[in-house]
Each structure stands twice: as structure tokens, then as C-alpha cells.
There are 2 protein chains.
Amino acid sequence: MSDSHKIDGTDRKILNILQKHAKITNAQLSKDIDLSPAPTLERVKKLENSGVIESYHAKLNSRLLGLGVTTFIHVKLSKHNKANNEEFIRKINAIDEVVECHHITGSSHYLLKVVAKDIENYQHIILDKISEIEEIDDLQSMVVLSTIKDSKAVPIP
Amino acid sequence: MSDSHKIDGTDRKILNILQKHAKITNAQLSKDIDLSPAPTLERVKKLENSGVIESYHAKLNSRLLGLGVTTFIHVKLSKHNKANNEEFIRKINAIDEVVECHHITGSSHYLLKVVAKDIENYQHIILDKISEIEEIDDLQSMVVLSTIKDSKAVPIP
DNA sequence: TCTGAAACAGTTGCAAG
DNA sequence: CTTGCAACTGTTTCAGA
């Protein structure tokens with residue numbers, strides 16, 4: 001799961017296709033990259049085993065699920081020391097509505113992405129779940145009006 | 001692709017599994033939700049056709065690909081009118097290294113997520129690609145030190 | 001490392017309960 | 001919905017180049 005892997009042009013093609021269409025059959029993938037099925041499959045397995053491909057996920061439509069509110073929240077901790085950070089991380093991991101949490105440079109310490117049903121539900125998450133974390137000093141919310149781009153595909157060097 | 005779909009407890013189980021492990025076989029999925037394969041498959045197809053499941057993606061390991069720098073950038077446009085927004089969106093969509101772009105409330109107008117090989121490469125993207133967009137008035141970068149959580153799974157109401 | 005073919009596993013559709 | 005069973009499609013292995 002942590003092999004140093006030489007990624008050639010063919011691997012790059014495979015990765016770019018699988019980032020966008022993970023459900024492609026090996027037969028079709030092999031055609032798209034001009035290779036026969038056997039070595040194609042072998043390359044995919046190698047990329048999975050080396051950890052380059054971490055996992056596969058279904059992308060759901062938030063609107064159709066009734067999840068109308070997405071926000072980013074800048075979080076500042078009261079004390080930015082090791083113990084406080086670890087405690088904050090532990091508590092954030094337990095909140096399902098927090099779908100992302102990044103430790104960042106700059107005046108805020110963390111950036112969260114939160115998904116909620118509606119504004120009332122969002123208020124509930126903020127007041128009863130996130131604000132309950134005592135290590136937090138300050139929160140600043142940004143509501144997502146629309147998502148212009150969410151490519152799910154990283155630029156492979 | 002836009003059917004209004006009644007999502008019951010069984011559908012919710014299916015969606016929660018597919019969000020996290022899209023490569024599960026229908027046989028295994030049916031066992032996990034205590035249903036036989038035939039109706040399980042039918043439900044998955046219905047969720048795909050109604051648009052609740054939008055797509056399937058492979059998650060890649062950025063570090064192993066040599067993508068060491070991830071940043072969020074607050075963007076302010078010079079004039080926040082329709083023409084400027086559309087032009088900005090068009091240009092942002094053409095930059096592969098910008099993996100996300102959200103229109104947000106608050107003092108900045110957009111929030112971008114950018115993935116780069118290293119700091120030099122990041123500087124190149126900022127100076128030669130993003131700053132070249134003339135509709136932009138101001139940029140403020142936040143470098144991601146570490147990603148604590150990236151669940152790829154939305155909380156289904 | 002690839003090709004081609006053979007063997008295998010999983011999916012999909014259908015009928016009956 | 002379940003079970004059971006075909007037919008099909010796609011996967012996986014393997015000898016040979």
C-alpha cells in the first residue's frame with residue numbers, strides 16, 4: 001500500500017479516466033488507452049495496491065437528497081497548542097455534517113465544509129454541535145450560493 | 001435523470017455504502033442491506049437514473065502523485081456584475097489545477113481549491129494562470145497544512 | 001511487458017411463489 | 001419482496017511471443 005510507483009503515460013491515462021468515470025469496465029478502459037484487457041487490469045491493480053488509487057466513491061446529488069445548504073466555516077481555536085488541536089480534531093471527526101476539515105495557514109486555523117438540509121438545520125449544527133466544542137474561539141461562516149466547479153479530478157503532473 | 005425519488009431506509013443504506021465503497025459488488029451490497037440481489041440492483045439503477053447517484057470517482061493519493069501543495073484561495077472580483085462573473089467562471093473552468101470553485105457569501109466572492117506539485121508550481125499557477133484573469137481584483141491564499149477530514153460522504157437526511 | 005484464448009465470477013432478466 | 005435459474009457480460013489467469 002505504499003510502494004514507490006513509477007507512473008508512466010499509460011498509468012496517467014488510466015488515472016485520468018478513473019478519476020472521472022470509476023465505473024468503466026476493464027474492457028472499455030483497455031480500449032480507451034489502446035491496450036489489451038490483461039495488462040490494463042494489471043496496471044489498475046498495481047495502482048490500487050501501491051495506494052495511488054485510494055478508494056472509489058459515488059457522488060450524490062445534494063439537492064435531490066434535500067441537502068440545500070453547503071457552507072465553509074473558518075475556525076479559530078482559543079489556544080493553538082497540540083492538546084487543543086487533537087481534541088478539536090477528535091470532536092470534528094464525530095460530526096457527520098462536517099464533510100471536510102483542513103488545517104490551514106493564515107488568520108483562521110481550520111477550514112470546515114458543512115452540509116445541511118436547510119438553514120434551520122444548519123443553525124442547529126452550528127449551535128448544538130460545532131459551537132459546543134470548547135476549544136473553539138471564533139467561527140466565521142460563508143454560505144455557498146452555487147458551486148461552479150467540483151472536478152473530482154486532480155491534475156496529474 | 002430528474003425523477004422525484006422517494007428515498008426510504010433501504011435506499012439510504014445503499015447510498016451510504018456506495019458513497020464510501022463504490023466498487024462493492026451487487027451481491028455483497030445486497031447482503032449488507034439484507035435484501036436479495038435482484039431488488040438491490042433495481043434500486044441502485046433507479047437511484048442512478050433519477051440522478052440521486054450522479055457519478056463514480058476514483059480518489060487518488062495526491063502525495064504519491066507528487067502533488068504536495070493544496071490551497072484555498074479567496075477571490076474578489078473587480079466588479080461583481082453578471083458579465084464579469086460569467087467571464088470569470090469561463091476562465092476558471094479552463095484551469096485544471098483549480099479543482100473546486102464555489103460562489104460564496106461574505107467579503108470575498110469566490111472560494112477556490114487549487115492543487116499543485118510544489119510551491120514553485122503553485123506560484124506559476126497563481127501568477128501565470130489565475131492572476132491573468134482580469135476580472136479579479138484581489139486574491140488571498142490559504143495553504144493547507146494537512147487535511148483532517150475528507151469524508152466523501154454527505155449526511156443523508 | 002503484451003497478446004489471445006480459455007476458465008471463472010458476477011450481473012442481469014425472468015418466472016413462479 | 002423472495003428464490004432459483006438461465007444467459008450474458010466482464011474479469012482473471014496463463015502460456016507463449
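Scope of the values below: all heavy atoms of this structure, side chains included, with no hydrogens, waters or symmetry mates. Every chain is numbered from 1, with letters handed out A, B, ... down the list of sequences.
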- Please answer whether the main-chain N or O of Lys79(B) pairs with a side-chain N or O of Asn84(B) as donor and acceptor at a distance below 3.5 Å. yes
- Message: Taking atom CD as the centre, does Glu134(A) end up with more than 12 heavy-atom neighbours from other residues, nucleotides or ligands that are less than 6.0 angstrom away?
- Response: no
- Message: Regarding Glu86(A) and Arg90(A), does a basic nitrogen lie under 4.0 Å from an acidic carboxylate oxygen?
- Response: no
- Identify, residue by residue, the members of residues 13-28 of chain B with a heavy atom below 4.0 Å from DNA chain D, and return them in order of residue number, or none. none
- Task: Would you mind telling me which residue lines up with the more 5' stretch of DNA chain D, Lys45(A) or Ser36(B), judged by nearest nucleotide?
- Result: Ser36(B)
- Task: For His74(A) and Ser108(A), indicate whether the former's side chain and the latter's backbone hold a donor-acceptor pair under 3.5 Å.
- Result: no
- Task: Would you mind reading off the distance between Lys31(B) atom NZ and dT3(D) atom P, rounded to a whole angstrom?
- Result: 13 Å
- Note on the structure: The first and last nucleotides of DNA chain C lying within contact of chain A, meaning any atom under 4.0 Å from one of its heavy atoms, run from dT1(C) to dG4(C)
- Message: Salt bridge or not between Glu42(A) and Lys45(A)? Use side-chain N to carboxylate O under 4.0 Å.
- Response: no
- Query: Any ion pair linking Asp8(B) and Arg43(B) (charged N to carboxylate O, less than 4.0 Å)?
  - Reply: yes
- Please answer whether the main-chain N or O of Val144(A) pairs with a side-chain N or O of Thr70(A) as donor and acceptor at a distance below 3.5 Å. no
- Task: Would you indicate whether Gln123(B), at its atom CD, is surrounded by more than 12 heavy atoms from other residues, nucleotides or ligands within a distance under 6.0 Å?
- Result: no
- Provide, to the nearest angstrom, the distance between the CG atom belonging to Leu41(B) and the P atom belonging to dT9(D). 15 Å
